[in-house]
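A quick write-up on the structure given underneath.
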Amino acid sequence: NNSMKHDEFPYDWGAGVFVYLTSLSAIFIGTIVMEGVNTSLMSKSAPKELDGFVNMGLLATLVGSIGRVVGDSMITVSVFVGRSPSRDFVSVTFLPLVPLIVVG
């Protein structure tokens with residue numbers, strides 16, 4: 001019977017720690033590389049009316065920093081909510097996104 005019981009750990013480490021760490025490293029490196037590309041594109045695609053008002057490179061950096069603060073705060077909130085043994089931390093991580101989805 002392949003059905004999981006309520007108290008079973010839902011993740012399978014059958015693929016091995018090496019595959020997990022390799023995949024995690026590839027995702028992290030890809031994210032870092034794409035962040036530079038996204039920041040560059042964002043600073044170049046801003047409206048021309050804002051050129052004299054604010055430096056677009058600085059604005060792109062500030063928006064990225066605010067995004068990191070919001071993301072880290074969401075993870076911190078989900079850690080405190082996920083401490084309950086009846087909740088899975090990975091699933092709880094997405095709970096702070098629900099208000100953003102409703103608003104957006």
Exercise for review: Using modelled atom types only, decide if a donor and an acceptor are shared between the side chain of T31 and the backbone of I27 within a distance under 3.5 Å.
Suggested key: yes

Point to revise | Transitive ILVMFWY cluster of V69, excluding itself - 4.5 Å side-chain cut-off | key: none

Check your understanding: Any side-chain heavy atom of F28 within less than 4.5 Å of one from I32?
Key -> yes

**Study point:** Remaining members of the apolar cluster that contains L58, side-chain heavy atoms under 4.5 Å
**Key:** L62

